[in-house]
Every structure is written in C-alpha cells, then in structure tokens.
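Beneath this line is the structure, given in structure tokens, with notes to follow.
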There are 2 protein chains.
Amino acid sequence: MGVTTRVAIVDDDALVRAGLRMILGGDPSLSIVGEASDGREALDMIATASPHVVLMDIRMPVLDGLETTKALTRRGDHVRIIVLTTFDTDELVVTALRHGAVGFLLKDTSPSNIVDAVRRVAAGESILSPSVTAQLIAKVTGGSDAQRERAVVLLEGLTDREREVAIAVGRGLSNTEISAELFMGVATVKTHLGHVFVKLDATNRVQVARVVHDAELASD
Amino acid sequence: MGVTTRVAIVDDDALVRAGLRMILGGDPSLSIVGEASDGREALDMIATASPHVVLMDIRMPVLDGLETTKALTRRGDHVRIIVLTTFDTDELVVTALRHGAVGFLLKDTSPSNIVDAVRRVAAGESILSPSVTAQLIAKVTGGSDAQRERAVVLLEGLTDREREVAIAVGRGLSNTEISAELFMGVATVKTHLGHVFVKLDATNRVQVARVVHDAELASD
DNA sequence: GTCTCCCTCCACCTTTGGGTTGAGGCGGTA
DNA sequence: TACCGCCTCAACCCAAAGGTGGAGGGAGAC
C-alpha cells in the first residue's frame with residue numbers, strides 16, 4: 001500500500017486535537033482528512049471524509065466515544081477505530097472492543113508509538129497499550145478465576161452419574177426429561193440430585209445450574 | 001532495576017535454542033541461566049536456575065509447554081512465562097494465558113522485538129504479538145455474541161418488575177425469598193414470573209437463569 | 001468373606017413451582 | 001371520558017420438586 005492512510009481525529013479538547021494533528025501530520029504516509037469535537041459531529045464527518053482510521057476519545061459531550069463507535073459499527077462503516085483514553089483504569093476497554101474498536105491507546109503514549117499504532121491499525125493489526133493488554137488477559141483468563149476453580153472442584157467431587165444429572169439440570173431439564181435422557185427412573189434422578197444438593201451446597205436446582213455454568217467456562 | 005534479567009529457554013529444537021541464545025545473549029541486560037528441551041527438564045531446571053523470565057515452546061515431547069506452564073503456576077513459581085509458537089492459528093492462546101503465561105510470541109518475531117518483549121515482560125508488562133492480540137479481542141468480543149445479544153434483547157422485552165424478578169431467579173432465590181427482597185407478595189412474584197416465562201420462552205426457572213446469565217456477560 | 005461405595009429404585013410426605021382466572025389501582029394517552 | 005399497560009394481589013389446582021428412610025445389586029478394596 002503506497003497510498004496514504006486517511007486519518008480522522010475525534011476529541012472534544014482542541015489542544016489534544018492540535019497535538020495529534022502535529023504528531024500525525026509529520027508522517028508523509030498519513031493524511032488527516034477530518035476532525036470532530038463530539039460524537040454527533042464525528043458521525044457526519046466520517047460519513048463524508050471517509051477516513052481509514054479514526055482516533056477517538058472516550059469522554060466527550062453529546063455522544064461519547066463508546067456510543068459513537070457502536071453507531072459506526074452498526075451503520076456498517078468500514079472504519080478502523082482506535083480509542084484514546086487518559087486513564088487505563090477504565091472498565092471501558094472490553095466494551096470499546098466489543099463495539100468494534102480495534103485499538104486502545106493511552107494518551108500519554110509517545111508520539112512515535114502513536115504514529116506506529118495508526119500505521120499498524122491501517123495495515124489490519126490490532127493494537128493495545130501494555131496495561132490494556134494486561135487487562136484484556138485478566139478478562140479472558142480470570143474474571144473470577146477462583147469462582148471457576150471452585151466450581152470445577154465441586155463438580156469433580158460428584159460421582160459420574162451425579163455429575164451427569166447436575167449438567168442436565170444446568171441445561172434446564174426437568175427430572176422426568178433427565179430420567180429419559182440418562183435412562184434411569186425419576187426416583188434415581190431425585191436420589192442423585194439430592195446428593196448433588198448436599199455436595200454443591202445448594203438448596204435449589206438453579207444454584208446447581210450456576211455451578212455447572214461456572215465450571216463450563218473453565219475449559220481446562 | 002539495574003540488575004540483569006535471568007532468562008531461561010525451553011524448546012525441543014536445538015537450533016531454535018541456539019538462535020534464541022544468540023539473540024538474547026547479545027543484550028547485556030539479559031543473562032541466560034538455563035535451557036531445557038522438554039517440560040520435565042524445564043521443571044527441574046527452573047527450580048534450580050530460578051530465572052525471571054522463561055521462553056517456552058508449546059509443542060514439546062514428554063510434557064508440552066501448556067502443561068509445563070500450568071505445573072509451574074500450580075507449584076507457585078514466580079516465573080514470568082512467554083509462550084513461543086510457530087503458528088498463531090492455535091486455539092492455545094487463551095489456554096496458555098489462563099495457565100499463567102504473560103506473553104505470547106510468534107517464532108518469526110524479529111530478534112530486536114524478542115529482546116524487547118523479554119525486557120518488557122521482566123518489567124511486569126504483558127506482551128502479545130499483533131495477531132494474537134486480534135485473537136484475544138475476538139475471544140472477548142465474540143465467543144457467542146449472538147447468544148448474548150439475544151439474551152439482552154429478551155431481557156429488554158421485560159417490564160422493570162419482571163426483569164427484577166428474573167434476575168432474582170437467576171441468583172437462585174425462591175419465590176418467597178424474592179417476594180421479601182422486592183417487597184411484593186408471593187402471588188405477585190408468580191404473576192411476574194409467569195409473564196417472564198412467556199416472554200423468555202422458558203418453561204422453567206433454570207432456563208430463565210440461563211438467559212439472565214448470558215445477558216449479564218454483555219455489559220453494554 | 002466383609003466392607004464400602006456407587007448405582008438403582010421404591011414409598012411417603014411436605015413444600016414449592018407453574019398455570020388459571022379474576023380483580024382493583026394507578027398513570028399515561030387517544 | 002374510556003382505554004391500555006403495568007403492578008399488585010387472591011384463591012384454586014395440579015404437577016413437580018425437595019426431603020426422608022429403606023433396600024437390593026455390583027465392583028473394588030482389605
């Protein structure tokens with residue numbers, strides 16, 4: 001791709017826009033084709049300027065970066081969005097990515113890295129700043145890893161038949177349906193389920209379903 | 001930290017080990033304190049050599065990189081593991097990260113980037129190669145997005161009270177408990193729940209719990 | 001052989017859940 | 001005004017779930 005990459009900047013702070021303009025404008029492979037100071041403006045601007053890459057602030061008046069990203073994705077624009085944020089403490093990372101963002105940068109990222117990020121994103125890569133990466137990993141691996149681990153251990157404490165019954169309960173089946181599926185009498189289902197209640201410390205089949213669900217996510 | 005970072009290499013291919021040794025040995029801030037050609041060896045070697053960072057291949061005889069990583073994590077070693085792989089098509093990324101790896105690199109990564117990665121990891125960052133990042137994002141965003149979206153839509157179709165009841169059901173509460181928590185009669189709980197069954201196309205409170213759970217993951 | 005664990009099932013009972021009908025109050029809207 | 005949707009509750013019923021005790025058979029451990 002020898003063609004220049006079309007970039008747009010969306011931020012409510014004029015100073016930030018100016019800074020980014022300077023940083024990105026210095027690179028001959030990039031050309032800034034539009035700017036906007038809030039989400040509404042951005043939607044219009046992007047429709048007419050058709051940039052390849054958009055640098056988008058999260059916190060903005062009128063329509064924030066998340067909603068704007070979502071709107072762009074919904075409307076089917078082929079724009080690669082890099083979300084900018086001041087703090088990485090935000091719980092917004094996953095939300096932004098889910099809404100279609102392909103990059104996530106902290107504002108204090110060095111100029112050369114920002115330029116690099118834009119180029120990479122234009123080339124089809126996804127780019128995350130290190131702390132964001134760590135967050136993402138935490139999201140995938142953990143969430144509540146202890147809880148999953150606990151669920152797995154609990155299920156392992158069951159006998160084979162008990163576990164089968166528990167899993168069937170997790171699928172929302174009634175005792176009669178379970179008895180048919182596992183080729184056992186309803187009485188037997190009840191017996192197993194009684195043991196399951198004790199072992200999983202549940203009083204209720206919904207609670208059994210919860211444990212089964214938690215354990216399911218742990219694809220060891 | 002002016003101290004040199006202790007690095008270990010685990011790979012069954014002697015050529016790869018030699019290559020990495022050359023690449024990493026060239027950097028004065030790193031010192032290679034051990035090597036192993038399979039997982040078993042690695043466990044012993046790491047115990048005695050106590051490296052800060054381990055570069056670990058996934059595909060190895062005897063004990064693969066995944067299991068080795070898992071074993072190290074379980075045994076409580078304070079080692080930061082970077083997983084190496086030839087192809088990024090692997091479904092192993094998430095598994096590796098879940099088992100305690102903090103980095104994931106393709107073997108064709110440039111030498112300078114590998115060195116950089118080791119230093120970053122030693123400094124506490126998490127590092128992923130671009131395509132892996134994309135995969136990770138896909139994992140977080142996707143998974144079963146349609147299912148989640150469906151769940152969210154279904155819950156939005158409920159009235160406020162119905163939704164509150166549904167969520168309470170998802171927590172495994174009985175009708176009596178729900179009536180106490182939401183300050184309404186048990187009869188009212190039943191009424192709402194009846195509507196919930198219809199709207200969520202459920203016949204059974206476990207199925208309601210499933211929908212609620214699916215929707216919970218979608219933090220819109 | 002004996003002990004233990006698991007799987008299987010029975011009978012009996014109480015509680016909860018799920019389905020139905022009906023009804024009063026309240027707020028918004030045509 | 002009348003209408004409509006939502007929240008509230010009641011009485012009733014039957015089916016399902018949950019709890020208790022017991023019992024027989026098979027497989028492995030000692």
Side-chain angles (χ1 to χ4, degrees), chain A residues 147 150-216 218 220, chain B residues 147 150-216 218 220:
Chain A
Q147 179 182 349
R150 173 182 157 273
V152 173
V153 172
L154 283 177
L155 280 197
E156 279 171 354
L158 301 179
T159 68
D160 290 352
R161 281 310 238 181
E162 288 166 356
R163 201 175 310 113
E164 287 174 11
V165 171
I167 291 171
V169 167
R171 285 170 45 213
L173 303 185
S174 69
N175 289 344
T176 313
E177 289 168 327
I178 295 172
S179 76
E181 189 162 303
L182 299 183
F183 306 106
M184 61 176 82
V186 185
T188 311
V189 176
K190 285 184 162 193
T191 304
H192 287 313
L193 200 44
H195 297 156
V196 170
F197 283 135
V198 175
K199 291 185 181 177
L200 300 194
D201 191 29
T203 62
N204 166 331
R205 54 177 54 214
V206 174
Q207 292 168 10
V208 173
R210 286 175 63 102
V211 175
V212 172
H213 263 87
D214 288 347
E216 268 175 10
D220 235 33
Chain B
Q147 181 182 350
R150 174 182 158 275
V152 172
V153 172
L154 283 177
L155 280 198
E156 280 171 354
L158 302 179
T159 68
D160 291 353
R161 283 309 239 182
E162 288 166 358
R163 200 175 308 115
E164 287 174 11
V165 171
I167 291 171
V169 167
R171 285 169 46 210
L173 304 184
S174 69
N175 289 343
T176 314
E177 290 169 325
I178 294 172
S179 76
E181 189 163 302
L182 298 183
F183 306 107
M184 60 175 84
V186 185
T188 311
V189 176
K190 286 186 160 192
T191 304
H192 287 313
L193 200 43
H195 298 155
V196 171
F197 283 135
V198 175
K199 292 184 181 178
L200 300 195
D201 192 28
T203 62
N204 167 329
R205 52 177 54 214
V206 175
Q207 293 168 9
V208 172
R210 286 173 63 100
V211 175
V212 172
H213 264 84
D214 288 346
E216 267 174 11
D220 236 32

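Quick note on labels: first sequence line is chain A, next is B, and so on, each numbered from 1.
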Interface with DNA chain C, restricted to residues 185-194 of chain A and to heavy atoms under 4.0 Å:
A:Gly185, A:Ala187, A:Thr188, A:Thr191, A:His192
Residues A:Glu162, A:His192; criterion side-chain hydrogen bond (donor to acceptor under 3.5 Å, both in side chains); working and verdict
CA-CA 5 Å; A:Glu162 288 166 356; A:His192 287 313; 4.7 Å; no
Please list, in 5' to 3' order, the outermost nucleotides of DNA chain C lying under 4.0 Å from any heavy atom of chain A.
C:dC6 to C:dC10
Report the C-alpha separation of A:Phe197 and A:Val208 in whole Å, then their side-chain angles, then the decisive distance to 0.1 Å, and conclude whether the side-chain contact (heavy atoms from CB on, under 4.5 Å) test is met.
CA-CA 7 Å; A:Phe197 283 135; A:Val208 173; 3.7 Å; yes
Any side-chain heavy-atom pair of A:Ile178 and A:Val169 under 4.5 Å:
yes
Quick note, side-chain hydrogen bond (donor to acceptor under 3.5 Å, both in side chains) partners involving residues 166-178 of chain A, not counting sequence neighbours, are A:Arg171-A:Glu181, A:Ser174-A:Glu177, A:Asn175-A:Arg205
Write down the atom of A:Ala215, the atom of A:Leu155, and the distance for their closest heavy-atom approach.
CB-CD1, 3.6 Å
Please report how far the helix from C:dG1-D:dC30 to C:dA30-D:dT1 bends, comparing the axis fitted to its first five pairs with the axis fitted to its last five, to the nearest 10 degrees.
30°
Is there a side-chain contact between B:Leu154 and B:Asp201 in this structure, where contact means two heavy atoms from C-beta onward sitting under 4.5 Å apart?
no
Nearest non-hydrogen partners of B:Val212 and B:Ala166, listed with the distance
CG2-O, 3.5 Å
Would you say the side-chain atoms of A:Thr188 pair up with the backbone N or O of A:Met184, donor to acceptor, closer than 3.5 Å?
no
Do B:Lys190 and B:Val165 come within less than 4.5 Å of each other through their side chains, counting heavy atoms only?
no
On DNA chain D, nearest-nucleotide positions of B:Lys199 versus A:Asn175: which is more 5'?
B:Lys199
Nearest heavy atoms of B:Asn204 and B:Val206, plus distance in Å
OD1-N, 2.7 Å
Under the side-chain hydrogen bond (donor to acceptor under 3.5 Å, both in side chains) rule, collect the residues that match up with A:Gln207, sequence neighbours excluded.
none
Pairwise side-chain contact, B:Arg163 with B:Val196, heavy-atom cut-off 4.5 Å (strictly under):
no
Chain A footprint on DNA chain D, 5' to 3' - any atom under 4.0 Å from a heavy atom
D:dA17 to D:dG19
